[in-house]
Structure formats: structure tokens, C-alpha cells
Amino acid sequence: MKLVTAIIKPFKLDDVREALSAIGVQGITVTEVKGFGRQKGHTELYRGAEYVVDFLPKMKLEVAIDDSLVDRACDAIRQAANSGKIGDGKIFVFDVEQAIRIRTGDTGSDAL
Ligand SMILES: Nc1ncnc2c1ncn2[C@@H]1O[C@H](COP(=O)(O)OP(=O)(O)OP(=O)(O)O)[C@@H](O)[C@H]1O
């Protein structure tokens with residue numbers, strides 16, 4: 001199992017959620033975060049206004065999935081979150097040791 005973490009622009013959240021649902025992802029955790037990438041000193045558009053890049057609002061998605069879905073999930077996020085502009089975000093992939101569904105006690109991929 002892997003944890004796919006994506007930092008995306010907030011207005012792309014619905015598109016990314018739909019793209020992940022379409023490939024069979026069943027659960028997503030979303031957190032409002034702030035961050036910046038390597039484009040310090042450049043400007044980035046956020047809700048129509050230009051900002052000197054500082055800590056800009058982003059959404060962090062966390063999706064725990066079976067290994068077999070990782071490539072498709074990353075492709076889906078890339079396509080859905082890509083505006084072609086700076087600050088579109090990043091995807092990080094981590095190993096997941098265990099998953100447990102609290103209600104039933106299911107473990108591993110059965111718990112995803
Ligand atoms: N190395 C990193 N570690 C942790 N978070 C990061 C890192 N790089 C980017 N982020 C997060 O991702 C968000 C989007 O990054 P961003 O797309 O600006 O990266 P970039 O490397 O500057 O790419 P681009 O040139 O396409 O803008 C940042 O606001 C930050 O929250």
C-alpha cells in the first residue's frame with residue numbers, strides 16, 4: 001500500500017476528487033495548508049490576484065491506495081490539477097505499513 005499525498009491549488013480540488021473517484025479511489029483526506037515552491041520572488045495567481053510567492057493557500061490530499069493503483073492515481077492527479085502555471089503543486093508517494101478499518105477490524109488492502 002502507498003500513501004499518495006498531493007499539494008494542489010484549491011480550485012482544482014473538485015476536478016482531482018472526480019478524477020480519483022473515476023479510477024476507483026474510495027477515500028480521500030483533505031487539509032487546508034499553506035506553502036511555497038521554488039518560485040520565490042516570482043508571482044503566482046490566486047483567485048485572480050497576483051501575489052509575490054509567499055505561503056499561499058493550497059489543499060493537501062492524502063489517499064491510501066493499493067500499489068496497483070499508484071501510477072493511475074498519480075496520472076489522474078497530474079491531469080486534473082495541471083493548469084500549466086507555476087504553483088500547480090506536487091505529489092509525494094510514501095510506503096504504508098498497515099491500514100485498519102476501525103469498525104470491522106479489516107486490515108491491509110481490505111481496509112482501504
Ligand atoms: N519540497 C517540498 N516539500 C514540501 N512541500 C512542497 C515542496 N515543494 C512544493 N511544496 C508544496 O507544494 C506547493 C506547490 O509547489 P509548487 O508547484 O509551487 O512547486 P515548484 O517546485 O515551484 O513547481 P512549479 O515550478 O511548477 O511551480 C507549495 O506551495 C508547497 O505547499
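These values consider heavy atoms only, across backbone and side chains, with no hydrogens, waters or symmetry-generated copies. Atoms within each ligand, like the ligands themselves, are counted from 1 in listed order.
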What about [X]: any of its N or O atoms under 3.5 Å from an N or O on ligand 1?
X: Gly89; answer: yes
X: Phe36; answer: yes
X: Leu56; answer: no
X: Lys90; answer: yes

- Item | Gln26 and Leu112, any side-chain heavy atoms less than 4.5 Å apart | no
- Query: Considering only heavy atoms, does Ile7 approach ligand 1 within less than 4.0 Å through its side chain, its backbone, both, or neither?
  - Reply: side chain
- Query: Mind checking whether Ile28 and Val16 sit in one hydrophobic cluster, side chains of I, L, V, M, F, W, Y counted as touching below 4.5 Å?
  - Reply: yes
- Item | Joint hydrophobic cluster, Ile65 plus Ile23, side-chain heavy atoms closer than 4.5 Å | yes
Which of the ligand 1 atoms, numbered from 1, are nearer than 4.0 Å to a heavy atom of [X]:
X: Asp88; value: 17 (O)
X: Ile86; value: 27 (O)
X: Gly87; value: 16 (P), 17 (O), 18 (O), 24 (P), 27 (O)

- Query: With Leu61, which of Thr31, Leu20, Val25 fulfils side-chain contact (heavy atoms from CB on, under 4.5 Å)?
  - Reply: Leu20
- Message: Once rounded to the nearest 0.5 Å, what's the spacing between atom CD1 of Ile8 and atom CG of Asn82?
- Response: 12.0 Å
- Task: Find the distance between CE (Met59) and CD1 (Ile7) and round it off to the nearest 0.5 Å.
- Result: 10.0 Å
